[in-house]
Peer 1: 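Here's a structure for you.
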Number of protein chains: 2
Amino acid sequence: MSALPDTASPLYEKVKEYILTNIGTGKWSKDRKLPSENEFVAALGVSRMTVHRALRELTSAGFLIRLQGVGTFIAPPRPQSTLIEINNIAAEIVARGNRHRSEVLVLERITPTKELSLSFEFARRVSLYHSVVVNFENDLPVQLEERFVNPSLIPDYDKQDFSKTATYDYLMQKTPVTEVEHIISAVPADAETARHLAIDIGSCCLLLHRRTWTGAIVATISKLTYVGSRYSLGSRYSPSLRA
Amino acid sequence: MSALPDTASPLYEKVKEYILTNIGTGKWSKDRKLPSENEFVAALGVSRMTVHRALRELTSAGFLIRLQGVGTFIAPPRPQSTLIEINNIAAEIVARGNRHRSEVLVLERITPTKELSLSFEFARRVSLYHSVVVNFENDLPVQLEERFVNPSLIPDYDKQDFSKTATYDYLMQKTPVTEVEHIISAVPADAETARHLAIDIGSCCLLLHRRTWTGAIVATISKLTYVGSRYSLGSRYSPSLRA
DNA sequence: ATGCGGGAAAAGTATATACATGTATGTATA
DNA sequence: TATACATACATGTATATACTTTTCCCGCAT
């Protein structure tokens, strides 16, 4: 008798589906209040806790907004942002069925410049790991990757053979990333970059700056330069998948 | 007496914090089983439902993996991807405290080329809306935005005054986006682009291709060209915020 | 040794109940 | 009229309990 779908899923999932359907068909107008938890209980014949769970999950998925003491409302269409995904370049190349190879140009411990030390949010000048690696797709250089690493978080960074393990894989494995900052821009290649990537000086490159944090500590700062004519960043994703 | 933090947050949040802390400090080795729900109940003095909620939320946030009948495990470090956010350019410019202005160059209904029709996954050739807009930051052109819009989803696209309402805002408001595809690359400016953006032919530009879907239907296809020297895409975000 | 069966253990779901907390509203009082 | 208080109602949290579903493992019989 209840209006719930009769799929073979848990009750709270049916309630979620029921609510989403009624939002989608416009049965509940976008600016008025949804039924209260107790009204759902009466209408659907399930317990309040089950309704509550359904509503809570739809809220955390961004479909609803709930105000304690007031009621439940339909969330405004979508956040004004969309996302693109940045993948591990080695994995991407292999996924395309091509050969990946990398060449380590530099792997050393350095004393940072004042500016770099600032980017790491260091009070004192602490020494850092510094690596420069070129990534090849079918023996064609596609990316130059310069990275500075906080040795307090990744103490044995320089012990790795990065021509075998991808630096990205290694870092992701060693320390959990709690925050990421990205800046993407397009720049002409300077002399050194052009030499490493075997392109003309001034050709368009995609420049990706990345900082990662572990807790409150800056873990890595990277500068990834992609050859514009040979590489692009791509992704496809569903905004509402964050259930 | 319990080992839970004494912050002023709900119990299940304290349990989550407690678990995350113990994962972070390596108290629980990465490949062994975490305590069972009942063991948590005994150790922390809270009910099983509370423990269950904490564990469930940490699981949906990607920190844990749970197997019915087996146990709870620490999830492998992170998915091999990080995200960058692409915001509405008008909002971004205003957020920086600068003036935003846009100029509509083209707003028409066209019959698409065969290739474009294919990108829309159309069987027959259906006419499309086509718009070209230049966005200015403090009277300096920073982005050229060419867009094709499916009229079956947004029938009155051409009735808008896009020098007032941002196209992106308008689209987001009209139709829910269920899927997005992005491709970012770096290209030299061609003659026409250079003219519209007031830059030299061949200067570096950031090129962003975007397709959006509403359900199974392609809603929009956009080509956004940013002046490399004047604009970059940036974001900062917490991978674990998807709770 | 192999395979089968049953029990123990683990997570998953559902409910009833109680209390906590925040919000709006109406009524009585100054 | 305006303020204060009481009340009703909404969501939020916490617990006890019961049952389900899945997996693992051990012991027994073949």
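Every chain is numbered from 1, with letters handed out A, B, ... down the list of sequences.
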Peer 1: For B:Phe73 and C:dA11, give me the distance from atom CZ to atom C1', rounded to whole Å.
Peer 2: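 B:Phe73 atom CZ is separated from C:dA11 atom C1' by 11 Å.
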Peer 1: Rounded to whole Å, please give me the gap between CZ in B:Arg53 and C1' in D:dA14.
Peer 2: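 After rounding, the gap between these two atoms is 10 Å.
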Peer 1: Counting any heavy atom closer than 4.0 Å, what does A:Leu67 reach on the DNA or RNA strands: base, sugar-phosphate only, or nothing?
Peer 2: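 Sugar-phosphate only.
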Peer 1: Send over the distance from A:Lys16 NZ to C:dA14 C1', rounded to a whole Å.
Peer 2: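 It is 16 Å, rounded to the nearest whole Å.
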Peer 1: With B:Glu146, which residues qualify under salt bridge (Lys or Arg N to Asp or Glu O under 4.0 Å), at least two apart?
Peer 2: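 Testing B:Glu146 for salt bridge (Lys or Arg N to Asp or Glu O under 4.0 Å), a comparison that skips the adjacent residues, returns none.
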Peer 1: Run the side-chain hydrogen bond (donor to acceptor under 3.5 Å, both in side chains) test against A:Arg53 and tell me which residues pass, sequence neighbours left out.
Peer 2: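 A:Arg53: side-chain hydrogen bond (donor to acceptor under 3.5 Å, both in side chains) contacts with A:Tyr12, A:Glu57.
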Peer 1: C:dT15 phosphate, OP1 or OP2: any side-chain N/O from A:Thr50 under 4.0 angstrom?
Peer 2: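 For C:dT15, OP1/OP2 do have a side-chain N/O of A:Thr50 under 4.0 Å.
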Peer 1: Counting side-chain heavy atoms from C-beta on, which of C:dA24, D:dA14, C:dA14 comes nearest to A:Val70?
Peer 2: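 Of the options given, the side chain of A:Val70 lies nearest C:dA24.
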Peer 1: Verify the contact: side-chain N or O of A:Tyr12 to OP1 or OP2 of C:dT13, cut-off strictly under 4.0 Å; return yes or no.
Peer 2: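 Yes, A:Tyr12 has a side-chain N/O under 4.0 Å of OP1/OP2 on C:dT13.
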Peer 1: Mind checking side-chain hydrogen bond (donor to acceptor under 3.5 Å, both in side chains) for B:Arg56 and listing every partner two or more places apart, or none if nothing turns up?
Peer 2: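 Checked B:Arg56 against side-chain hydrogen bond (donor to acceptor under 3.5 Å, both in side chains); zero matches.
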Peer 1: Round to the nearest Å and state the distance from B:His52 atom NE2 to D:dA18 atom P.
Peer 2: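 Whole-Å distance recorded here is 18 Å.
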Peer 1: Can you see if the side chain of B:Arg66 gets near the phosphate of C:dA10 - specifically, an N or O under 4.0 Å from OP1 or OP2?
Peer 2: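 Indeed not, no polar side-chain atom of B:Arg66 lies that close.
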Peer 1: Using whole Å, report how far CD of A:Glu37 lies from C1' of C:dT23.
Peer 2: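 Atom-to-atom, A:Glu37 to C:dT23, this comes out as 15 Å.
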Peer 1: If the condition is side-chain hydrogen bond (donor to acceptor under 3.5 Å, both in side chains), which residues does B:Ser102 pass it with, not counting sequence neighbours?
Peer 2: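 Scan of B:Ser102 (side-chain hydrogen bond (donor to acceptor under 3.5 Å, both in side chains), adjacent residues dropped) gives none.
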Peer 1: Between B:Thr72 and C:dA11, does any side-chain N or O lie under 4.0 Å from OP1 or OP2?
Peer 2: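 Yes, because at least one side-chain N or O of B:Thr72 sits under 4.0 Å from OP1 or OP2 of C:dA11.
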Peer 1: Rounded to whole Å, how long is the line connecting atom CG of B:Leu55 with atom C1' of C:dT13?
Peer 2: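 In whole Å, C:dT13 C1' and B:Leu55 CG are 15 Å from each other.
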Peer 1: Please assess A:Phe120 against A:Ile221 for the test side chain to side chain contact (heavy atoms under 4.5 Å, CB included), listing each intermediate value before the final yes or no.
Peer 2: CA-CA 8 Å; A:Phe120 266 96; A:Ile221 295 182; 3.6 Å; yes
Peer 1: Who pairs with B:Tyr18 by ring pair (Phe, Tyr, Trp, His ring centres under 6.0 Å), at least two apart in sequence or on another chain?
Peer 2: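 By the ring pair (Phe, Tyr, Trp, His ring centres under 6.0 Å) rule, B:Tyr18 matches no residue at all.
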Peer 1: In whole angstrom, give the distance that lies between atom CZ of A:Arg56 and atom P of C:dT13.
Peer 2: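 One finds 12 Å between P of C:dT13 and CZ of A:Arg56, rounded.
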Peer 1: Please report the distance, rounded to the nearest Å, between NZ in A:Lys33 and P in C:dT23.
Peer 2: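 Going from A:Lys33 (NZ) to C:dT23 (P), I get 13 Å.
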Peer 1: Using a 4.0 Å heavy-atom cut-off to protein, can you give one letter per nucleotide of nucleotides 16-21 of chain C, 5' to 3': B if the base is in contact, S if only the sugar-phosphate is, - if neither?
Peer 2: BBB--B
Peer 1: Report the base-pairing partner of C:dA30 (Watson-Crick or G-U wobble, both distances below 3.5 angstrom), or none.
Peer 2: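 Check on C:dA30: paired to D:dT1, both distances under 3.5 Å.
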Peer 1: Go through it in stages, so that I can follow the logic: the residues are A:Thr72 and A:Leu58, the test is side chain to side chain contact (heavy atoms under 4.5 Å, CB included), and I'd like the CA-CA distance, side-chain angles, deciding distance and then a yes or no.
Peer 2: CA-CA 11 Å; A:Thr72 305; A:Leu58 288 178; over 6 Å; no
